[in-house]
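The next block holds one structure in the form of structure tokens; read it before the comments.
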Amino acid sequence: MQVNNVSMNLSAVSSKQYPNEGYPEIALLGRSNVGKSSLINTLINRKSFAKTSSTPGKTQTLNFYNIEDQLYLVDVPGYGFAKVSKKQREEFGVMIEEYLTTRDVLKGVVILVDGRHQPSEDDISMYQYVSYYHIPTLIVATKMDKVKGNQWNKTISQVKKSMQINQTDNLQLFSAETKHGKDEVWDWIEDHMKA
């Protein structure tokens with residue numbers, strides 16, 4: 001997609017605050033610090049439109065990025081090691097669950113995993129969760145510029161095996177540094193926008 005116009009329309013914590021234009025939505029899920037903001041910035045050709053944070057767990061709302069008045073990319077709070085209270089984590093869980101299970105215009109999710117490491121229990125649980133609801137899923141292994149080229153096949157088999165990726169879901173290697181995988185991620189998003 002040719003991206004010229006992007007706006008961060010709103011942040012929401014409940015369905016009452018979701019946008020109502022009816023544009024298709026693609027949600028980005030992943031652990032804190034896995035690179036969701038970097039993926040968004042790469043996709044929209046901006047350096048720091050989506051803010052990256054040195055503090056894991058900084059995103060505490062669903063952030064809706066309006067792309068060309070055609071699509072919302074939805075940045076979902078990171079799961080995992082965020083330094084937030086147990087009560088806050090439970091609130092995040094309810095907010096994310098409500099969004100994923102009730103949003104009619106949600107066309108798919110992109111789950112980001114760190115390509116340098118084995119997927120975490122949280123990654124596996126999130127994938128099982130969205131699979132249960134039959135939400136089309138693209139798994140994106142990030143930070144691949146930090147993985148030697150001869151190890152990429154190992155990353156692919158490690159992610160596929162530990163997450164038990166089903167036949168209909170895809171896996172894409174990605175690097176915000178080199179832009180590797182950017183076009184393929186866009187292709188997947190565009191295919192699912194029309195679904």
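Throughout, numbering of the chain's residues begins at 1 and tracks the sequence. Just so it is clear, the structure is predicted and the values come from calculations on it, not from any experiment.
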Quick one: side-chain hydrogen bond (donor to acceptor under 3.5 Å, both in side chains) pairs with a partner in residues 104-118, sequence neighbours left out?
Asp114-Arg116
Does Leu39 reach the side chain of Val110, with side-chain heavy atoms less than 4.5 Å apart?
yes
Would you say Tyr127 and Val113 make side-chain contact, with heavy atoms under 4.5 Å?
no
Rounded to the nearest 0.5 Å, what separation is found between the CD1 atom of Ile139 and the CD1 atom of Ile111?
4.5 Å
For residues Val94 and Glu97, determine if any side-chain heavy atom of one lies less than 4.5 Å from a side-chain heavy atom of the other.
no
Could you check whether the rings of Tyr18 and Phe64 sit parallel, tilted or perpendicular, using 30° and 60° as the cut-offs?
tilted
Neighbour count above 12 (heavy atom, 6.0 Å) for Glu21 CD:
yes
Test log, rule side chain to side chain contact (heavy atoms under 4.5 Å, CB included), inputs Leu71 and Tyr23
CA-CA 5 Å; Leu71 163 76; Tyr23 303 147; 5.6 Å; no
Supply the atom-to-atom distance Trp186 CH2 to Gln172 CD, rounded to the nearest 0.5 angstrom.
14.5 Å
Could you tell me which non-hydrogen atom of Gln70 sits nearest to which non-hydrogen atom of Met1, and how far apart they are?
OE1-CE, 3.6 Å
Can you check whether Ser14's main-chain N or O pairs, donor with acceptor, with Gln17's side chain at less than 3.5 Å?
yes
Would you find a donor on one side and an acceptor on the other, under 3.5 Å apart, between the side chain of Glu68 and the backbone of Asn5?
yes
For the residue pair Ile156 and Leu173, establish whether any side-chain heavy-atom pair is separated by less than 4.5 Å.
yes
Determine whether Asp145 and His180 make a side-chain contact, defined as any pair of heavy atoms from C-beta on separated by less than 4.5 Å.
no
Is it the case that the side chains of Ser120 and Asp123 hold a donor-acceptor pair, with the cut-off being a distance below 3.5 Å and no angle test?
yes
Tyr65 versus Asp75, closest heavy-atom pair with distance
CE1-CB, 3.9 Å
Would a hydrophobic clustering, with Ile, Leu, Val, Met, Phe, Trp and Tyr connected at side-chain separations under 4.5 Å, put Ile135 with Met163?
yes
What one should report as the nearest heavy-atom pair of Trp188 and His192 is O-ND1, 2.8 Å
Heavy-atom closest pair (Glu98 atom, Ser15 atom, distance to 0.1 Å) is OE2-OG, 3.1 Å
If I take atom CD1 from residue Ile96 and atom OG1 from residue Thr101, how far apart are they, to the nearest 0.5 angstrom?
11.5 Å
Distance-only, no hydrogens or angles: does the Lys179 side chain make a donor-acceptor pair with backbone N or O of Ala176 under 3.5 Å?
yes
Between Ile67 and Val3, is there a side-chain heavy-atom distance shorter than 4.5 Å?
yes
Measuring from atom CD of Gln128 to atom CD1 of Ile124, what distance do you get when rounded to the nearest 0.5 angstrom?
7.0 Å
Phe174: ring pair (Phe, Tyr, Trp, His ring centres under 6.0 Å) partners, not counting sequence neighbours:
none
Test item: Arg103 and Glu25 side chains (from C-beta on) under 4.5 Å apart, heavy atoms:
yes
Within this structure, what is the OG1-OH distance for the pair Thr102 and Tyr133, rounded to the nearest 0.5 Å?
10.5 Å
Same cluster for Val74 and Leu10 if Ile/Leu/Val/Met/Phe/Trp/Tyr side chains link at under 4.5 Å?
yes
Under the side-chain contact (heavy atoms from CB on, under 4.5 Å) test against Leu73, which residue among Asn66, Val6, Leu43 passes?
Leu43
Find out if a path of hydrophobic residues (ILVMFWY) with successive side-chain heavy-atom gaps under 4.5 Å connects Ile165 to Val130.
yes
Does a donor on one side chain and an acceptor on the other come within less than 3.5 Å for Asn63 and Thr61?
yes
Flag the pair Pro77 / Leu62 as yes when at least one side-chain heavy-atom distance between them is below 4.5 Å, and no otherwise.
yes
Filter on side-chain hydrogen bond (donor to acceptor under 3.5 Å, both in side chains), then keep only pairs touching residues 146-161, sequence neighbours left out; what's left?
none
Out of curiosity, Thr137 OG1 to Leu29 CG, how far, rounded to the nearest 0.5 Å?
8.5 Å
Please confirm whether the backbone N or O of Val34 pairs with a side-chain atom of Thr142, one donor and one acceptor, at under 3.5 Å?
yes
Should Val105 and Ile26 be counted in the same cluster of Ile, Leu, Val, Met, Phe, Trp and Tyr side chains packed under 4.5 Å apart?
no
For Tyr99 versus Ala27, what's the shortest heavy-atom pair and its separation?
CE2-CB, 3.8 Å
Considering non-hydrogen atoms only, spot the tightest contact between Asn166 and Ser131 and give its length.
ND2-OG, 4.2 Å
